[in-house]
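For the numbers below, each heavy atom of this structure counts, side chains included, while hydrogens, waters and symmetry mates do not.
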Amino acid sequence: MQKGSGRTHHAAPAHQSEVSLIRNPMLAFALLFAATPSFAAEGTTNRPTNAEMTAIFNADQKDRQGPVIDGNTVGQRDDVRRKRTQALLDADALHSGDDFYHAAFVFQHGGTPDDYLKAHLLATIAIARGKAEATWIAAATLDRYLQAIGKPQILGTQFRVGSDGRATQEPFDRSLGSDSLRAALGVPPLAKQEERRAELEKDARPKPVIMPVPSLQRLAPAPPTRTFTATAQPVHCRPIPASETLLGRARLRWVVVGEIHGTTETPDAFGDLVCLASASKPVTVAVEQATSEQPAIDEFIGSDGGPEATTRFLSSRIWTQTVKDGRSSEAYFRLFKRLRELRSAGRISSVVAFQPLYNPGPGGFNSGHYENALAASLLGRSPKGTRVLVLVGNVHAMRVPPVWAKPPYLPMAGYLPAGETVNLDARWNGGSYWACTSDTDCGPQAAPPPPTKLPRGITMDAPDGPFTGALNLGVEVTASPPQRQTAR
């Protein structure tokens, strides 16, 4: 599993302080920011202003004030406000520049490209009706719409801060607009934008919260994991620069790779790392799959990989469940096939499914309790004395509480012995990944590129951050769709 959240700072009248949230399927971990110019609060139109639309706008702004904002609650209110605003538009009840300016903000707090495009249209009407201050919201909604459809923004109003604390405006085509054009729209010049990006990055990297490691939960029994033995055979491993230094650590037992589920390239790179790690001694591989699927995994990993074994494996819950996130992708199935080959060559002793059955209590889902259960399952199900390579969602792979977690909780990797563990953030150079934003809405999502593209390899660049370092994929990632129930 993985988690994403979004926070956006928008332009507001000079006497207000506004913080706005949007729901963004990425990044458990992805925060959206926009620059905040100030301007006079009064409109310049003689058309009557709709009092209900003003009240809707004021409620929208009030929900975004305060140091802590409940994104789920605000999102539900945004839905109601957006529907009522659409009803006012349909009834031809909005007339003034202020009306359309207010409506633009309401729609830019939606969650779809159509919402952002409509917000841009409304901002344009606001300008035409004398609301000069609407130039900035017109610029911001255009940028947001472009990024939502996988295109670069062109003015630079949108900033994202990832779970690793790195801030970026990418994708951003700086060649299509000059600083003088930005100034005409109330958008800061590129130099000021870079200062803002650096500030956001600095603010997003506060000193990590140090918290004691809670006692592990006692979980209900789960299907046992099968251990395989075989004579080691030569296999070809695709090299990963700097992996030899990492894997050469004598005390290293746990290698945790945190991913955004749904890319083609991350499971492939993880398979390469497993191959390299098992060169001298068989390893255990732990995957974020339900423990109930352990028998199906063991049967396939221990099979000859032929058509009958493949058909039986593809009938398991991993591939047939209703909501198919990146853990039921074509790339994940390809990873299982590679693990079977490595097992056959004597390179893998077992493949462990460690996502436990988790039943939220009366208070509902609790992130801290769930992370504790994940850790208890991983630690309890992994064979003693073997090196374990773990593929899991990137939030679970953190070793300190996420900076956005209120109240703070310890992610799964924080329970592992610090002196024996390395946790790596799988990083890309842009592209796309497959994700589900609801039970019925799944598809490719944009994966923004980092400020600096990095070549393939392992870097240990964040000793005090949520990850020890990174598994840099070195490429633009591509979305991996769900695996079909017949092998191809």
### Message
Working note: Thr264 + Thr478, criterion side-chain hydrogen bond (donor to acceptor under 3.5 Å, both in side chains); need CA distance, chi angles, decisive distance, verdict.
### Response
CA-CA 6 Å; Thr264 298; Thr478 54; 3.2 Å; yes

Where do [X] and [Y] come nearest, in terms of heavy atoms and distance?
{"X": "Leu424", "Y": "Ala470", "value": "CD2-N, 3.8 Å"}
{"X": "Ala413", "Y": "Asn423", "value": "CB-ND2, 4.5 Å"}
{"X": "Gln217", "Y": "Ala376", "value": "O-CB, 3.6 Å"}
{"X": "Ser350", "Y": "Arg226", "value": "CB-O, 3.3 Å"}
{"X": "Gly326", "Y": "Tyr332", "value": "O-CD1, 3.5 Å"}

Is a side-chain N or O of [X] found less than 3.5 angstrom from the main chain of [Y], in a donor-acceptor match?
{"X": "Ser278", "Y": "Val274", "value": "yes"}
{"X": "Ser243", "Y": "Ile240", "value": "yes"}
{"X": "Gln169", "Y": "Phe172", "value": "no"}
{"X": "Glu420", "Y": "Arg251", "value": "no"}
{"X": "Asn372", "Y": "Ser215", "value": "yes"}
{"X": "Gln294", "Y": "Val351", "value": "yes"}
{"X": "Arg387", "Y": "Ala277", "value": "no"}
{"X": "Glu293", "Y": "Arg317", "value": "yes"}

### Query
Strictly under 6.0 Å, is that where the ring centroids of Tyr370 and Tyr409 end up?
no

### Query
What about the rings of Tyr116 and Phe107, do their centers lie closer together than 6.0 Å?
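Not under 6.0 Å, so no.
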
Nearest-0.5 Å distance, [atom1] of residue [X] to [atom2] of residue [Y]:
{"X": "Ser377", "Y": "Leu357", "atom1": "OG", "atom2": "CG", "value": "10.5 Å"}
{"X": "Ile318", "Y": "Ser328", "atom1": "CD1", "atom2": "OG", "value": "9.0 Å"}
{"X": "Leu454", "Y": "Asn472", "atom1": "CG", "atom2": "CG", "value": "4.5 Å"}
{"X": "Cys275", "Y": "Arg347", "atom1": "SG", "atom2": "CZ", "value": "5.0 Å"}

### Query
Going through the checks in order, is the salt bridge (Lys or Arg N to Asp or Glu O under 4.0 Å) test met by Lys453 and Glu476?
CA-CA 9 Å; Lys453 293 186 177 182; Glu476 290 189 2; 3.6 Å; yes

### Task
Take Val388 and Phe354 through the side-chain contact (heavy atoms from CB on, under 4.5 Å) test and state the conclusion after the steps.
CA-CA 12 Å; Val388 186; Phe354 67 93; over 6 Å; no

I'd like to know if [X] pairs up with [Y] as an ion pair, taking the criterion as any Lys NZ or Arg NE/NH1/NH2 lying under 4.0 Å from an Asp or Glu carboxylate oxygen.
{"X": "Asp63", "Y": "Arg81", "result": "yes"}
{"X": "Lys118", "Y": "Asp115", "result": "no"}
{"X": "Glu330", "Y": "Arg334", "result": "no"}
{"X": "Arg456", "Y": "Asp272", "result": "yes"}

Quick one: does [X]'s side chain get under 4.5 Å of [Y]'s, heavy atoms only?
{"X": "Arg427", "Y": "Leu471", "answer": "no"}
{"X": "Leu378", "Y": "Tyr415", "answer": "no"}
{"X": "Pro356", "Y": "Leu374", "answer": "yes"}
{"X": "Asp325", "Y": "Trp434", "answer": "no"}
{"X": "Thr263", "Y": "Ser480", "answer": "no"}
{"X": "Arg160", "Y": "Gln147", "answer": "yes"}
{"X": "Arg338", "Y": "Asp268", "answer": "no"}
{"X": "Arg197", "Y": "Phe159", "answer": "yes"}

Between the side chains of [X] and [Y], is a donor N or O closer than 3.5 angstrom to an acceptor N or O?
{"X": "Glu371", "Y": "His369", "answer": "no"}
{"X": "Thr386", "Y": "Ser349", "answer": "no"}
{"X": "Gln355", "Y": "Arg327", "answer": "yes"}
{"X": "Asp298", "Y": "Thr225", "answer": "no"}

### Query
Has Arg343 got its NZ or CZ under 6.0 Å from the middle of the six-membered ring of Phe228, at an angle within 45 degrees of the ring axis?
yes

### Task
Test Leu247 against Leu276 for side-chain contact (heavy atoms from CB on, under 4.5 Å), laying out the working first.
CA-CA 8 Å; Leu247 298 174; Leu276 295 166; 4.0 Å; yes

### Query
When the ring planes of Phe300 and Phe313 are compared, do they come out parallel, tilted or perpendicular, using 30° and 60° as the limits?
parallel

